[in-house]
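A, B, ... follow the sequence lines: proteins, then strands. Residue 1 opens every chain.
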Amino acid sequence: LRPFGQTTLNFAPSPALEAAPARVRVRFLAIALFALLSLLAGRAIQLAFTGDPLARTQGAQTVPAISRADITDRNGVLLATTVRAYALTATPSRVWNADETAGALLRMFPDLNRADTVRRLRDRERDVVYLRRGLTPAQREAVLTLGLGGIGFETEDRRVYPQGTMAAHAIGFTDVDLNPLAGAERGLDAQIRAAGAVGRALALSLDVRVQYALETELESAARAAGASGASAILLDARSGETLALVSWPSFDPNNAGAAPASGRRDRVAGDLHELGSTIKPFTIAMALDEQVTNSAETFDVSRPFALGRDVIEDHERIEGLASLREILARSSNIGAARLALRLGAGRQRSFLQRLGLLSPTSLEIGRNQAPLAPQAQGRRDVAGIGYGYGLATTQAALAGAYTVFANEGALVRPTLLRRAPEDAAGRTPVFSPQTTRQVLSYLRYAVTNGTGRAADVRGLQVAGKTGTAEKLGEGAAYDESRNFSSFAGVFPASDPRYVIVVSLDDVHAGQVGGAVAAPVVARVLTRAAPMLGLRAEPRAER
Amino acid sequence: MRISRRTLHILAAVLIVVLAVGLYKAKSDASHAQAHVRDLHGQIEDTEADMRALKAEIAHLENPARVEALAERELGMRAGSAGAALPESAIDRNLPAPRAPALQPSAPH
């Protein structure tokens, strides 16, 4: 039975052989566990020292982004902001009675169209219909108290302009979907969106205090003169910053759709007018700069100046010989025409180009009207441009051109953005400093002894020029009974820093720039001088 | 003292369970924290919206035209100007005459 002797079969492995694989597994497990724990410990130590980068990112977003940034004036006064509003919606399938629901809503919003509202409430093909946009929280609460079935709300943003009509043309407005339509809202759209994305406000160069003074005085003068419109702009000529920009009549940008077109019309950068005599200082500066005359020369302007079939006359006859200073102070068309003819069309156009009068201005206001500046065809055209006819441009462009008198002959382009003190404005040389100083002294004389006397303010040394351009009437003929009257100037003449242009449109015969626009300048500057860091002298003791 | 292999296995198993529970707890806490952060962000947005509305209301109330109209109606004040100021030498003559000092009431006894 045991042919091969001891043949006990032992299938159980020896203890050493049995333990070896298990030990290996345990070691692997231990090493893996150790590595895992080491990894966790390392990460814990890293987080302890460096913090959680994810948490840091979330923490940095403390200011929520908004689609359009707030707009402020240069001193931080709020001009435009985005607030939470509600869209009134309806789910037609849940509206019990469209007529009753529409009736209830109409009692709250009388401007809703009843038939249209009922039609929308019955429109079962749509899941949701919009009935009205831009509801305030109070209006939402009021609708909720009605308990109307199927009526709901959607949260949306709404642009509001807390200053109402003030600076309306400069700020502009958006539509209900916050798309920019006019003013800085349109001209600075990209900057407003970029600032909104980081939760910051965008500061304009406007100063609400100066703006208010200019608006009230301009409106008062325009109403008194029976003008159909008026405009004014005040610049810091060194930086090009626009401190105030007014178009009258104004409108409320919170309800721009309801405003008449004449109210929404921007008359500073959107309206074109022949400039009249406010262009004469440039004609004289061109002639001096090109050395076709000098300050010692005198002109006989006592007789009308015949130019082909046309005759150029002065409004007020000047007896005897007139110097350049007298030509400017007494606004001689004959003198300016003669100087322009000495210059010639080529040099005249070159200067006008460099003065920015032949191109749209750079104001970030959405729409800058391009000037009407046809090439001068003959001596009559050149002479006409010399005293203010034949070139139609905006009051913003004129104000920009006057910056040459505050910058030693260099042009600084106007802007609506506040500049940092270290941010130097670009300067385009036009006239030599000597020419500029010479003409500046003539402009001061025009205010102390000439047609601009009503603009003088003791202590502010206003230097400027009046302008009165007859408007085109029927049949492309000039209408003597309708004037565009203006004043353009710089101050203080001893160290010019500011430019002001005031214009009244469609005033009657006799309401010349010196009578209707110059007094506005005096009244505005008297009020605004302290805001500009200037001091008007007290009135003379009685 | 020698720790048996079985004890080691038990300890390792316990450690793994503890780690798993800890991980669950940490994830759960993180989830709650995230929900709380979302709530806080919502509150911040609401507060920001309220602040913007209040700032707009303040700006409207501080509008120069409104303040001037109120000052004129309630206080009889009108906007002045530097040009309307009196010279220093004229101030004395334009001030009202000084009044005799009122008798001081005697102190209560």
Side-chain angles (χ1 to χ4, degrees), chain A residues 19 22-23 26 29-30 33 36-37 40 55 58-59 61-64 66 70 72 77-85 136-137 155 157 160-166 199 208-209 211-213 215-216 457-460 522-530 534-542, chain B residues 4-6 8-9 11-16 18-20 22-23 26 30 33-34 36-38 40-69 78-94:
Chain A
R23 259 204 309 276
V26 168
L29 191 63
L33 204 58
L36 184 68
L37 290 173
L40 288 174
Q58 288 177 345
Q61 293 173 341
T62 50
V63 183
I66 49 176
D70 290 354
T72 69
V77 176
L78 193 65
L79 301 177
T81 189
T82 307
V83 299
R84 184 171 291 175
T136 63
T155 306
D157 286 336
V160 297
Y161 304 93
Q163 302 294 339
T165 59
M166 194 194 295
V208 158
R209 301 166 303 167
Q211 176 80 24
Y212 179 63
E215 280 190 11
T216 48
V457 181
R458 285 165 59 87
L460 292 186
R523 285 198 295 272
V524 169
L525 297 190
T526 305
R527 281 178 66 171
L534 301 172
R535 186 169 178 271
E537 284 180 10
R539 69 186 181 205
E541 194 177 345
R542 289 173 191 160
Chain B
S4 69
R5 190 169 295 139
R6 180 175 295 274
L8 269 175
H9 290 174
L11 281 175
V14 168
L15 189 60
I16 287 166
V18 167
L19 280 173
L23 184 65
Q34 276 182 343
H36 185 55
V37 167
R38 275 197 299 276
L40 289 175
H41 274 297
Q43 284 178 31
I44 289 171
E45 280 179 19
D46 289 347
T47 309
E48 279 284 333
D50 291 346
M51 274 177 60
R52 281 203 299 277
L54 287 172
K55 281 180 183 172
E57 195 171 337
I58 291 169
H60 168 71
L61 294 174
E62 288 179 342
N63 176 275
R66 183 181 170 279
V67 172
E68 191 175 282
R78 299 195 66 182
S81 69
L86 289 170
E88 199 174 342
S89 57
I91 291 176
D92 279 348
R93 272 180 282 126
N94 284 274

Whatever's closer than 4.5 Å to a heavy atom in chain B on A/Val160 counts as side chain
Checking side chain to side chain contact (heavy atoms under 4.5 Å, CB included) for the pair A/Val26/B/Leu8: CA distance, chi angles, key distance, verdict?
CA-CA 10 Å; A/Val26 168; B/Leu8 269 175; over 6 Å; no
Using a cut-off of under 4.5 Å on heavy-atom pairs, state which of A/Val457, A/Val208, A/Thr82, A/Thr216 scores highest against chain B.
A/Thr82
What are the two closest non-hydrogen atoms of B/Ala56 and A/Pro162, and how far apart are they?
O-CB, 3.2 Å
Heaviest contributor of heavy-atom pairs below 4.5 Å to chain A, chosen from B/Ala49, B/Pro64, B/Ala12, is B/Pro64
If you round to the nearest 0.5 Å, how far is CG of A/Leu33 from CG of B/Leu11?
11.0 Å
Under the side chain to side chain contact (heavy atoms under 4.5 Å, CB included) test, residues paired with B/Ile58 that sit two or more places apart:
B/Glu62
Chain A contact via B/Leu40 - side chain, backbone, both or neither, heavy atoms under 4.5 Å:
neither
With sequence neighbours excluded, what pairs up with A/Ala213 under the side chain to side chain contact (heavy atoms under 4.5 Å, CB included) test?
A/Arg527
Proximal component of B/Asp46, with respect to chain A [non-hydrogen, under 4.5 Å]:
both
Heavy-atom distances under 4.5 Å only: say whether A/Leu78 touches chain B with side chain, backbone, both or neither.
both
Closer than 3.5 angstrom, by distance alone: can the side chain of B/Arg52 be matched with the main-chain N or O of A/Val83 as a donor-acceptor pair?
no
Can you check whether B/Lys55 reaches A/Thr81 side chain to side chain, under 4.5 Å on heavy atoms?
no
Hey, what do you get for CG (A/Leu40) to CG (B/Leu23), rounding to the nearest 0.5 Å?
8.5 Å
Side chain, backbone, both or neither: which part of A/Leu525 has an atom under 4.5 Å from a heavy atom of chain B?
neither
Segment of B/Glu57 engaging chain A (4.5 angstrom heavy-atom cut-off):
neither
